[in-house]
Amino acid sequence: MSANAALAADKPAALALPEVIAQVQPKIVKIYGAGGYRGLESYQSGMLISATGHVLTVWSYVLDTEFITVVLNDGRRFDAKLLAADPRLEAAVLKFDAQDLPHFDLTKAPQADAGARVLAFSNLFGIAVGNEPASVQHGVISARSRLDARRGGFKTPYRGPIYVTDTITNNPGAAGGALTNGRGELLGMLGKELRSAQTGAWLNYSIPAAEMAKTVDEIRAGRFVQRPADDQAAKPKQALSAELLGLVLVPDVLQRTPPYLDAVRANSPAARAGLRADDLVVFVNGRLVPSCKSLHNELEFVDRIDKVQITVMRGEDLIDVTLGADEAQP
């Protein structure tokens, strides 16, 4: 048997289009959460990545709530929680309790080249609300490119490789959906609505599954996550605080007020590290801090004699700084 023949023998047999769609639909979910006002949709798409209820989706304001609902293809509804998110990929993993679910395996996701025929599955425009199937679009990969080649043209912190498709996936609610090949194998996750600030052109793209596999593994392994509220780990007698670092957060008026910097105290560790007002703190020592409250809580686990790594989002960029307490402060 030739090498090509052996390779062909390893590939799943080609399926008719209706069979592929029927195979993929049970792995697609609809997600409902925050939004629903001022033109902000309260829904997006996701995909099952484990038999026990792990969902991969995009990180967005829709997930900024304690009440996230995942609706399966058969109409079953589950309360889900946000395990963690990676702002660099704009990807998040949700979890709800279930068993024996059909799902994609990120470790087995193949790569595809320009010209490959693809299918895009998503809950675009929120058409599906119960057991209705997700919408399916058919197209080809126009190009494999890197988003950093377009830096300044498109607003996103992600700078890695993408699949550019001729399929119009850039629609409300489509982000987080799945891009598959003609055999129903996962190729990537549909990206957010993205428009060039320079040309006004919309970008229809998908982040390859291989780019997300490591982050998903880390989240499922318990790293890269938000500290649970009932964490019983011992806190140091003298902990770090936002004040010791020179961080002044915006007023904490909501349940999950995002931890934006309202100001940075002059001559403080934060000021010397170059942090600025309007920076958004996203990680403290690698743990997700989606709110002012969680940021304060996370600092309480750091002894004031230790350094702490802070990751902030400034515009489209993520910036890491290492800070130590300012001993001049109380």
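None of the values given here were measured: they were computed from a predicted structure.
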Under 4.5 Å between any side-chain heavy atoms of H296 and S241, yes or no?
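No, every pair of side-chain atoms sits at 4.5 Å or beyond.
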I'd like to know if the side chain of [X] and the backbone of [Y] have a donor-acceptor N/O pair within less than 3.5 Å.
X    : Y    : result
E211 : L89  : no
K30  : E132 : yes
N285 : Q309 : yes
N73  : N131 : no
T311 : V282 : no
N123 : A134 : no
Q137 : I168 : yes
R117 : G139 : no
T215 : M212 : no
H103 : L101 : yes

For E90 and K192, run salt bridge (Lys or Arg N to Asp or Glu O under 4.0 Å): C-alpha distance rounded to whole Å, both residues' side-chain angles, the deciding distance at 0.1 Å, then the answer.
CA-CA 9 Å; E90 296 192 301; K192 290 182 175 179; 3.2 Å; yes
side-chain hydrogen bond (donor to acceptor under 3.5 Å, both in side chains) evaluation trace for T169 with T167:
CA-CA 6 Å; T169 58; T167 305; over 6 Å; no
Taking atom [atom1] of [X] and atom [atom2] of [Y], what is their separation to the nearest 0.5 Å?
X    : Y    : atom1 : atom2 : value
L295 : L249 : CG    : CG    : 5.5 Å
S42  : I31  : OG    : CD1   : 12.0 Å
D79  : E66  : CG    : CD    : 11.5 Å
M313 : Y260 : CE    : OH    : 8.5 Å
I319 : I310 : CD1   : CD1   : 13.0 Å
I68  : L94  : CD1   : CG    : 5.5 Å

Verdict with supporting geometry, S60 and Q44, side-chain hydrogen bond (donor to acceptor under 3.5 Å, both in side chains)
CA-CA 9 Å; S60 77; Q44 61 188 45; 2.5 Å; yes
Apply side chain to side chain contact (heavy atoms under 4.5 Å, CB included) to residues L244 and R304 and explain how you reach the verdict.
CA-CA 8 Å; L244 286 171; R304 68 169 58 187; 3.7 Å; yes
Determine whether [X] and [Y] fall in the same hydrophobic cluster, where Ile, Leu, Val, Met, Phe, Trp and Tyr are linked whenever their side-chain heavy atoms lie under 4.5 Å apart.
X    : Y    : value
V284 : L240 : yes
L190 : L147 : no
I49  : V24  : yes

Counting only heavy atoms not in K235 (residues, nucleotides, ligands), do more than 12 fall under 6.0 Å from its NZ?
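Atom NZ in K235 is packed in, count exceeds 12.
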Under the criterion side chain to side chain contact (heavy atoms under 4.5 Å, CB included), I'd like the reasoning laid out for V248 against V264: C-alpha separation, chi angles, the key distance, then a yes or no.
CA-CA 6 Å; V248 181; V264 173; over 6 Å; no
Could you give me the CA-CA distance, side-chain angles and deciding distance for I162 and S206, then say whether side chain to side chain contact (heavy atoms under 4.5 Å, CB included) is met?
CA-CA 6 Å; I162 57 172; S206 171; over 6 Å; no
Run K95 and D97 through salt bridge (Lys or Arg N to Asp or Glu O under 4.0 Å) and show every step you take.
CA-CA 7 Å; K95 179 69 172 68; D97 294 329; 3.6 Å; yes
